[in-house]
*Asks:* 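One structure, as structure tokens, below. Some questions next.
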Amino acid sequence: MPKHIAIIMDGNRRWARQKGLDVRLGHKEGAKTLEKIVRYANKIGLGYITVYAFSTENWKRTTEEVGAIMLLLQNYLEDYSKRADTENIKVNVIGDRSALSDKMQKSMKRCMERTKNNTGVTFNIAINYGGRDEIVKAVRKIAQEVKEEKLAVEEITEETISNSLYTAGQPDPDLLIRTSGELRTSNFLPWQIVYSEFVFIEKNWPDFEEKDLDEAIEIYQKRNRKFGGK
Ligand code: FPP
């Protein structure tokens with residue numbers, strides 16, 4: 001079994017457009033799919049699931065669309081804070097939270113606080129996340145420590161960098177899934193996915209089902225992971 005699965009939930013707008021619906025309804029359906037899949041990930045005993053909910057580039061979309069995605073996130077966090085004890089999921093937001101509204105930041109904090117002792121799947125939600133931005137922030141943090149003479153340049157290792165990322169302390173994803181047939185990683189977890197197996201699925205994210213996750217895990221299990229060895 002993989003310990004950590006990362007998902008690029010792509011194709012919400014295409015799903016909506018193909019049905020002649022407003023794109024915001026695509027995101028709404030995508031959020032429902034996400035809840036279902038996270039619950040399933042918890043049920044099958046997965047350790048970590050990390051999803052790309054909003055990238056640093058997504059601000060370029062219309063105000064209406066950005067607002068709709070933010071509202072879905074806000075509602076999820078609020079709702080989940082209330083029922084944190086009923087499912088054993090640990091919610092963790094990754095990304096640059098400083099650019100988000102105070103209300104959103106409070107909801108994030110509350111949700112993480114309420115679920116921090118849960119022992120089931122760790123659900124990382126990437127919001128205002130950019131992989132290169134994450135690395136820049138890590139480099140700044142490490143440089144600051146060097147400047148303050150808390151760390152020597154020679155002591156900087158891969159581990160130093162891993163431990164300075166949002167995913168510090170977590171294993172790297174074993175498997176990366178992207179829906180909607182696009183074959184890119186789009187600035188998602190560039191440091192963490194260097195040895196991940198990639199599985200690309202043709203379906204748009206709102207159509208993703210539990211059995212698609214099972215299938216992706218089966219494909220992963222058939223692959224021969226070499227980590228650069230033979
Ligand atoms: C990608 O499809 C999807 C997004 C940019 C937004 C994903 C957000 C959600 C599923 C809502 C998150 C909610 C919770 C509860 C965490 P796209 O819009 O790029 O679609 P396209 O490729 O068809 O244009």
Side-chain angles (χ1 to χ4, degrees), residues 5-42 48-84 87 89-97 99-101 103-112 114-115 121-131 133 166 176-189 200-210 212-213:
I5 297 181
I7 307 182
I8 302 178
M9 313 180 285
D10 200 8
N12 288 350
R13 295 192 294 190
R14 271 167 283 169
W15 180 90
R17 284 180 184 134
Q18 282 161 15
K19 292 184 154 45
L21 301 170
D22 187 291
V23 296
R24 288 172 291 189
L25 289 172
H27 296 309
K28 191 173 175 199
E29 202 59 30
K32 275 197 216 159
T33 299
L34 178 58
E35 280 205 51
K36 175 180 80 183
I37 294 301
V38 173
R39 218 170 279 139
Y40 185 63
N42 191 43
Y48 302 83
I49 183 162
T50 303
V51 301
Y52 211 0
F54 194 87
S55 75
T56 46
E57 288 72 37
N58 286 148
W59 294 108
K60 293 178 201 144
R61 298 190 177 194
T62 65
T63 322
E64 290 77 25
E65 191 182 342
V66 171
I69 297 173
M70 290 298 167
L71 192 62
L72 287 167
L73 288 165
Q74 175 91 41
N75 289 346
Y76 175 83
L77 294 165
E78 283 300 318
D79 186 41
Y80 203 75
S81 288
K82 284 183 212 136
R83 55 190 172 85
E87 290 169 26
I89 297 165
K90 184 169 167 176
V91 177
N92 184 42
V93 177
I94 65 170
D96 183 1
R97 285 185 251 156
L100 304 171
S101 70
K103 197 174 167 207
M104 180 72 103
Q105 291 190 42
K106 274 193 193 122
S107 299
M108 287 170 173
K109 260 177 115 172
R110 192 177 321 129
C111 193
M112 292 198 286
R114 293 272 286 120
T115 64
V121 71
T122 295
F123 173 30
N124 292 317
I125 312 175
I127 301 171
N128 195 24
Y129 174 89
D133 181 60
Y166 297 123
L176 171 77
I177 299 171
R178 182 171 190 151
T179 57
S180 91
E182 304 291 345
L183 309 177
R184 294 183 294 279
T185 57
S186 303
N187 206 14
F188 192 43
L189 308 171
F200 297 102
I201 290 180
E202 289 295 324
K203 280 184 177 181
N204 289 321
W205 175 250
D207 290 327
F208 194 86
E209 295 171 279
E210 288 92 338
D212 296 310
L213 190 71

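One-based numbering, in listed order, for ligands and for the atoms of each. Not measured: the values here are computed from a predicted model.
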*Asks:* Determine whether any heavy atom of Arg61 lies closer than 4.0 Å to an atom of ligand 1.
*Replies:*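 Yes; Arg61 lies near enough to ligand 1 that a heavy-atom distance drops under 4.0 Å.
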
*Asks:* Could you pull out all residues at least two apart from Tyr166 that satisfy ring-ring contact (aromatic ring centres under 6.0 Å, His included)?
*Replies:*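 Listed in chain order: nothing, the list is empty.
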
*Asks:* Answer with side chain, backbone, both or neither: which part of Asn204 has a heavy atom less than 4.0 angstrom from an atom of ligand 1?
*Replies:*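 It is neither part, as no heavy atom is under 4.0 Å.
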
*Asks:* What verdict does the salt bridge (charged side-chain N to carboxylate O under 4.0 Å, His left out) test give for Arg110 and Glu78, after you've listed the backbone C-alpha separation in whole Å, the side-chain angles of each residue and the deciding distance to 0.1 Å?
*Replies:* CA-CA 8 Å; Arg110 192 177 321 129; Glu78 283 300 318; 3.0 Å; yes

*Asks:* I'd like to know if Arg39 and Glu35 make a salt bridge, using a cut-off of under 4.0 Å between side-chain N and carboxylate O.
*Replies:*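 A salt bridge links Arg39 with Glu35.
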
*Asks:* Please check if atom NZ in Lys36 has more than 12 non-hydrogen atoms from other residues, nucleotides or ligands closer than 6.0 Å.
*Replies:*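 Buried by this count: over 12 neighbours within 6.0 Å.
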
*Asks:* Considering heavy atoms of the protein only, find what lies nearest to atom 12 (C) of ligand 1 and give residue, atom and distance to 0.1 Å.
*Replies:*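 Of every protein heavy atom, Leu73 CD2, 4.0 Å lies nearest to atom 12 (C) of ligand 1.
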
*Asks:* Would Gly30 count as being in polar contact with ligand 1, using the rule that some N or O on each side must be under 3.5 angstrom apart?
*Replies:*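 By distance alone, the answer is no.
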
*Asks:* Please list, in number order, the atoms of ligand 1 under 4.0 Å from a heavy atom of Ala53.
*Replies:*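 Ligand 1 atoms under the 4.0 Å threshold to Ala53: 6 (C), 7 (C), 8 (C).
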
*Asks:* Which protein heavy atom lies closest to atom 24 (O) of ligand 1, and at what distance to 0.1 Å?
*Replies:*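 Nearest protein contact, heavy atoms only, for atom 24 (O) of ligand 1 is Arg13 NE, 2.8 Å.
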
*Asks:* Indicate yes or no: does an N/O atom of Tyr76 lie under 3.5 Å from an N/O atom of ligand 1?
*Replies:*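 Between Tyr76 and ligand 1, no N or O pair is found under 3.5 Å apart.
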
*Asks:* Identify, by atom number and element, the atoms of ligand 1 in contact range of Leu34, meaning under 4.0 Å from any of its heavy atoms.
*Replies:*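 Selected atoms, number and element: 14 (C), 16 (C).
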
*Asks:* Provide the number and element of each atom of ligand 1 under 4.0 Å from a heavy atom of Ala31.
*Replies:*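 Near Ala31, meaning under 4.0 Å from one of its heavy atoms, ligand 1 has 10 (C), 13 (C).
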
*Asks:* Does ligand 1 have an atom under 4.0 Å from some heavy atom of Ser180?
*Replies:*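 Checking ligand 1 against Ser180, which is what was asked, there is no heavy-atom contact under 4.0 Å.
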
*Asks:* Specify the protein heavy atom at minimum distance from atom 10 (C) of ligand 1: its residue, its atom name, and the distance to 0.1 Å.
*Replies:*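 Ranking protein heavy atoms by distance from atom 10 (C) of ligand 1, first comes Asn12 ND2, 3.5 Å.
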
*Asks:* Only one of Asp10, Ile177, Thr33 passes side chain to side chain contact (heavy atoms under 4.5 Å, CB included) with Trp205; say which it is.
*Replies:*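 Output: one option passes, namely Thr33.
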
*Asks:* Which atoms of ligand 1 have any heavy atom of His27 under 4.0 Å away?
*Replies:*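 Per the distance check, 4 (C), 6 (C), 18 (O).
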
*Asks:* If we only count N/O pairs under 3.5 Å, is Asp10 in contact with ligand 1?
*Replies:*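 It does: an N or O of Asp10 is found under 3.5 Å from an N or O of ligand 1.
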
*Asks:* For atom 1 (C) of ligand 1, which protein heavy atom lies nearest, and how many Å away is it?
*Replies:*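 Scanning the protein heavy atoms, the shortest distance from atom 1 (C) of ligand 1 goes to Met9 O, 3.0 Å.
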
*Asks:* Which atom pair, heavy atoms only, marks the closest approach of Val66 to Asn58?
*Replies:*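 So the minimum-distance heavy-atom pair works out to CG2-O, 3.6 Å.
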
*Asks:* Write down the atom of Ser81, the atom of Cys111, and the distance for their closest heavy-atom approach.
*Replies:*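 For Ser81 versus Cys111, the nearest heavy atoms are OG-CA, 3.2 Å.
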
*Asks:* Mark yes or no for whether Asn204, through its side chain, and Pro206, through its backbone, hold a donor-acceptor pair below 3.5 Å.
*Replies:*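 No, Asn204 side chain to Pro206 backbone: no donor-acceptor pair under 3.5 Å.
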
*Asks:* Do me a favour and list the nearest non-hydrogen protein atom to atom 23 (O) of ligand 1 with residue, atom name and distance?
*Replies:*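 Checking every protein heavy atom, the shortest distance to atom 23 (O) of ligand 1 gives Arg14 N, 2.7 Å.
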
*Asks:* Below a 4.0 angstrom heavy-atom separation, can you tell me which part of Asn58, side chain or backbone, both or neither, approaches ligand 1?
*Replies:*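 Side chain only.
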
*Asks:* Is the shortest side-chain N to carboxylate O distance from Arg14 to Glu182 below 4.0 Å?
*Replies:*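 Salt bridge: yes.
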
*Asks:* If you measure from CD1 on Ile8 to CZ on Arg184, what distance do you get to the nearest 0.5 Å?
*Replies:*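 Atom-to-atom, Ile8:CD1 and Arg184:CZ are 9.0 Å apart.
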
